[in-house]
Amino acid sequence: MGEGVWPDVTSFETKAPCPEKSPKGEDIVLFNGRLHTLERSQPIAEAVVIRGGRIAFLGSSDEALRVNGGNSAAVDLKGRNAFPGFIDSHVHYWRSGLMEQMVDLRGARTIIEIQHAIRRQAAAVPRGQLVMGRGWSDTVLEERRYPSRHDLDDAAPEHIVYLLHLNGHSCALNSRAADWLKLDPNTPGVEREIETGMPAGPLREKIAFSAQSKLMTLLTPDVRRNCLSIISQQAVEGGVTTVHCLEGGRISGDPDVDDFLAHQDQLPVSTILYYQIMDLERIRGLGLARIGGCVLIDGSPAAHTGALYEPYADKPETSGPEYFTQKDLNEWVLGCHKAGMQIVVHATCERAIGQMLTAFENALRTIPRSNHRHRIDHFYFPRQEQVWKAAQLGVGAGVQPYFAEAFHDMYERRLGPERAARIHPYRWFLDAGVAAGGGSDSFVTPIRPIWGIHAAVNHFNYGQRISALEALRMFTCGSAYIGFEEHEAGTLKIGKRGDVVVVTDDILKVAPETIKSIQVEMTVSRGRITYQV
């Protein structure tokens with residue numbers, strides 16, 4: 001088991017907001033390795049010298065050691081392969097750490113198993129307090145349904161129970177939670193009992209996020225304190241050196257943003273903050289250059305809330321809701337675009353993607369900008385003409401290739417085999433010239449870029465498979481580009497950040513089906529070893 005090294009995040013002292021921070025730069029020499037720079041001018045180097053957190057030399061081991069002159073720590077890579085540090089373009093950083101403190105229900109296959117897990121957790125939590133679980137899915141439960149409030153009452157009648165669905169867009173509550181929230185059963189997204197008309201327990205989309213926001217006010221200081229340190233450990237174990245952090249907008253008062261800003265400079269990764277609100281003045285007041293993140297234009301096909309043009313295969317009475325009118329989107333996008341912001345939104349499916357492309361096109365027609373790098377994140381069920389439109393407009397994509405592997409069965413159930421064949425169309429993206437940056441959407445899937453690379457290379461649809469080099473570039477220079485950091489990170493080049501990941505095998509040469517078995521052995525962020533086996 002490896003060990004991460006960075007200052008312990010333990011206090012909540014107020015600090016001046018710092019929108020973008022990196023770990024302090026240090027000096028190190030890595031030699032006797034095979035460093036894949038992803039730069040055409042010098043694709044392979046034996047060694048790298050990092051000074052003050054920046055790459056000062058790339059070349060032979062002998063020359064690197066001579067240049068170093070014994071002034072910095074030297075690490076013999078013993079012939080191992082190394083790559084630019086991975087960049088995850090879509091992480092709910094604080095919330096991912098929170099998820100790790102919930103009961104893990106990903107292995108549950110029956111509601112009875114969920115009840116057992118919640119009952120065990122409730123026994124360790126004082127009566128009346130919050131019991132949280134996450135990661136369950138109705139699509140894999142034998143009952144093929146959400147747990148009801150009665151199911152959860154049986155497990156923990158004296159506690160407030162909140163269970164977050166794997167899709168992150170819905171949840172299930174017990175009666176105490178519903179009562180504490182004072183849920184109106186007529187609110188859209190509240191499932192009602194046929195017999196009583198009362199909330200049945202399951203909530204979906206906007207009301208689910210609202211409920212979560214209120215329930216998170218019950219978190220103890222210890223739970224909040226652990227969020228950033230837990231997920232930081234996972235990031236460096238995955239070889240990640242830069243994270244696009246999507247924070248706020250979901251929890252009352254945005255304590256995640258407060259905690260993130262207060263401790264950003266203590267994290268072992270470089271960070272870019274995307275504040276998930278639509279309040280332009282608030283964003284400008286913080287000095288941020290980007291707005292959004294998971295600002296929901298639609299929901300998720302898992303919850304039947306991804307916005308389709310035709311009905312769902314397994315729920316033909318709906319094709320997903322519309323969260324915004326085109327007029328409202330046009331006005332918001334134009335205002336942010338005019339202010340010089342990079343705009344990032346959550347749009348999973350074709351109808352929502354179409355709405356955003358129309359809004360972007362309207363803004364660009366009104367105020368042309370050649371380097372806006374607006375993003376549609378997820379972007380995983382478009383039509384092919386929408387991909388070409390995005391390329392034409394210069395709209396990028398924050399994508400999550402591992403979804404294609406993790407949720408393949410769900411996609412086929414929701415969309416049917418014919419439509420599911422065009423899910424996560426990475427070949428379309430690259431052929432059209434859409435700038436795509438790879439991510440995990442952690443907490444939904446783990447921060448493991450190698451898993452994402454594997455999934456893109458081994459896509460279940462042969463026509464959408466991409467090469468190992470193309471997939472690797474999505475999690476390095478692709479993510480750097482959509483974050484305006486191509487001069488800072490994404491490749492190994494003199495002057496860039498000294499971000500390196502050392503792995504057990506060559507991602508570019510192993511059999512495609514074995515990529516996922518490659519392990520991270522060392523992560524170096526700005527010349528500082530943040531993880532090693």
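Atoms considered below: every heavy atom in the structure, side chains included; atoms not considered: hydrogens, waters and symmetry mates. When a residue number appears, it is its place in the shown sequence, counting from 1.
Using modelled atom types, one finds a donor on one side chain and an acceptor on the other under 3.5 Å when comparing Ser440 with Asp88. For the residue pair Thr271 and Gln264, a side-chain donor N or O sits within less than 3.5 Å of a side-chain acceptor on the partner. When only modelled atom types and interatomic distance are considered, Ser232 and Tyr93 share a side-chain donor-acceptor pair under 3.5 Å. Donor-acceptor pairing under 3.5 Å is recorded for the side chains of His244 and Arg375. Under 3.5 Å, the side chains of Ser467 and Glu470 contain a donor-acceptor pair of N or O atoms. Under 3.5 Å, the side chains of Thr37 and Gln42 contain no donor-acceptor pair of N or O atoms. The closest side-chain donor-acceptor pair between Ser96 and Ser442 falls under 3.5 angstrom.
Under the 4.5 Å side-chain criterion, counting only non-hydrogen atoms from C-beta, Met341 is not in contact with His374. Thr242 is listed as a side-chain neighbour of Arg497, based on a closest heavy-atom distance under 4.5 Å. Using a 4.5 Å cut-off on side-chain heavy atoms (C-beta onward), Pro84 and Asp499 make no contact. Residues Lys509 and Asn81 are not in side-chain contact: their nearest non-hydrogen atoms beyond the backbone lie 4.5 Å or more apart. Residues Val457 and Glu513 are not in side-chain contact: their nearest non-hydrogen atoms beyond the backbone lie 4.5 Å or more apart. Residues Leu228 and Ile230 form no side-chain contact, since every pair of their non-hydrogen atoms from C-beta on lies 4.5 Å or further apart. Glu39 has its side chain out of reach of Leu492: every pair of non-hydrogen atoms, C-beta onward, lies at least 4.5 Å apart. Side-chain contact between Phe475 and Val240 is absent, with no heavy-atom pair separated by less than 4.5 Å.
Figure legend: cation-pi geometry between Arg414 and Tyr312 absent, as NZ or CZ is not positioned both under 6.0 Å from the six-membered ring centre and within 45° of its axis. Under the 6.0 Å distance and 45° angle rule, Arg373 counts as a cation-pi partner of Tyr481. Annotation: cation-pi geometry not satisfied between Arg419 and Tyr309 (NZ/CZ under 6.0 angstrom from ring centroid, within 45° of ring axis).
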**Request:** Begin with the C-alpha distance, continue with both residues' side-chain angles, and end with the deciding distance and a verdict on salt bridge (charged side-chain N to carboxylate O under 4.0 Å, His left out) for Arg383 and Glu310.
**Result:** CA-CA 12 Å; Arg383 295 189 170 187; Glu310 288 87 30; 3.1 Å; yes
**Request:** I would like to know whether Gln342 and His372 meet side chain to side chain donor-acceptor pair (under 3.5 Å); could you show each step before the answer?
**Result:** CA-CA 6 Å; Gln342 181 193 25; His372 53 82; over 6 Å; no
**Message:** For Glu205 and Thr305: C-alpha separation, side-chain torsions, deciding distance, then whether side chain to side chain donor-acceptor pair (under 3.5 Å) applies.
**Reply:** CA-CA 8 Å; Glu205 295 303 334; Thr305 51; 2.3 Å; yes
**Request:** List the steps and the verdict of side chain to side chain donor-acceptor pair (under 3.5 Å) for Arg106 and Ser137.
**Result:** CA-CA 8 Å; Arg106 286 174 292 185; Ser137 175; over 6 Å; no
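Listed here is the closest heavy atom pair of Ala208 and Ser170: CB-CA, 4.0 Å. Minimum interatomic distance between Ala347 and Asp298 (heavy atoms only, all atoms of both residues): CA-OD1, 3.5 Å. Summarising the geometry of Leu296 relative to Tyr323, their closest heavy-atom pair is O-CD1, 3.5 Å, with the distance given to 0.1 Å. In this structure, Gly238 and Pro449 approach most closely via the heavy-atom pair O-CD, 3.4 Å. Between Asp184 and Val190 the shortest heavy-atom distance is O-CG2, 3.8 Å. Between Ser89 and Ile482, the shortest heavy-atom contact is CB-CD1, 4.0 Å.
Screening Val295, Ile291, Val91, Val344 against Tyr274 for a side chain to side chain contact (heavy atoms under 4.5 Å, CB included) leaves a single residue, Val344. Applying ring pair (Phe, Tyr, Trp, His ring centres under 6.0 Å) to Tyr380 and the options His346, His408, His424, His90 leaves one that passes, His424.
Listed for the His165 side chain is a donor-acceptor partner under 3.5 Å among the backbone atoms of Asn167. Between the side chain of Asp441 and the backbone N or O of Val444, no donor-acceptor pair lies under 3.5 Å. Side-chain atoms of Arg351 come within 3.5 Å of backbone N or O of Gly320 as a donor-acceptor pair. The closest donor-acceptor contact from the side chain of Gln276 to the backbone of Cys294 lies under 3.5 Å.
Taking the six-membered ring for Trp, His454 and Tyr402 have ring centres at least 6.0 Å apart. Aromatic pair Phe379/Phe429: centroids less than 6.0 angstrom apart. A distance below 6.0 Å separates the ring centres of Trp136 and Tyr146.
Heavy atoms of other residues, nucleotides or ligands lying less than 6.0 angstrom from NZ of Lys516 number more than 12. Within 6.0 Å of CZ in Arg144 there are more than 12 heavy atoms belonging to other residues, nucleotides or ligands. With a 6.0 Å radius and a threshold of 12 heavy atoms from other residues, nucleotides or ligands, Arg473 has its CZ atom at or below the threshold. For CZ of Arg369, the number of neighbouring non-hydrogen atoms (other residues, nucleotides, ligands) closer than 6.0 Å is greater than 12. Other residues, nucleotides and ligands contribute only 12 or fewer heavy atoms inside 6.0 Å of the CD atom of Glu418.
A salt bridge is absent between Asp138 and Arg145: the closest approach of a Lys/Arg side-chain nitrogen to an acidic carboxylate oxygen does not fall below 4.0 angstrom. Classification of Glu142 and Arg109 as a salt-bridged pair fails, no side-chain N sitting under 4.0 Å from a carboxylate O. A salt bridge does not link Glu488 with Lys496: every distance from a Lys NZ or Arg NE/NH1/NH2 to an Asp or Glu carboxylate oxygen is 4.0 Å or more. Salt bridge annotation for Glu247-Arg95: absent, with no cationic side-chain nitrogen under 4.0 angstrom from a carboxylate oxygen. Ion pairing between a basic and an acidic side chain is recognised when a charged N comes within 4.0 Å of a carboxylate O; Glu385 and Arg422 show no such pairing. A salt bridge links Glu331 with Lys327: the closest approach of a Lys/Arg side-chain nitrogen to an acidic carboxylate oxygen falls below 4.0 angstrom.
Annotation: the span from Ile447 atom CD1 to Ile231 atom CD1 amounts to 4.0 Å, rounded to 0.5 Å. How far CG of Asp314 is from CE of Met410: 10.0 Å, rounded to the nearest 0.5 Å. Taken from CG in Leu246 to NE2 in His92, the straight-line distance is 5.5 Å, to the nearest 0.5 Å. Rounding to the nearest 0.5 angstrom, the gap separating the NZ atom in Lys315 from the CG atom in Leu308 is 12.0 Å. To the nearest 0.5 angstrom, Asn461 atom CG is 13.0 Å from Asn458 atom CG. Atom-to-atom distance recorded for His169:NE2 and Leu164:CG is 9.5 Å, nearest 0.5 angstrom.
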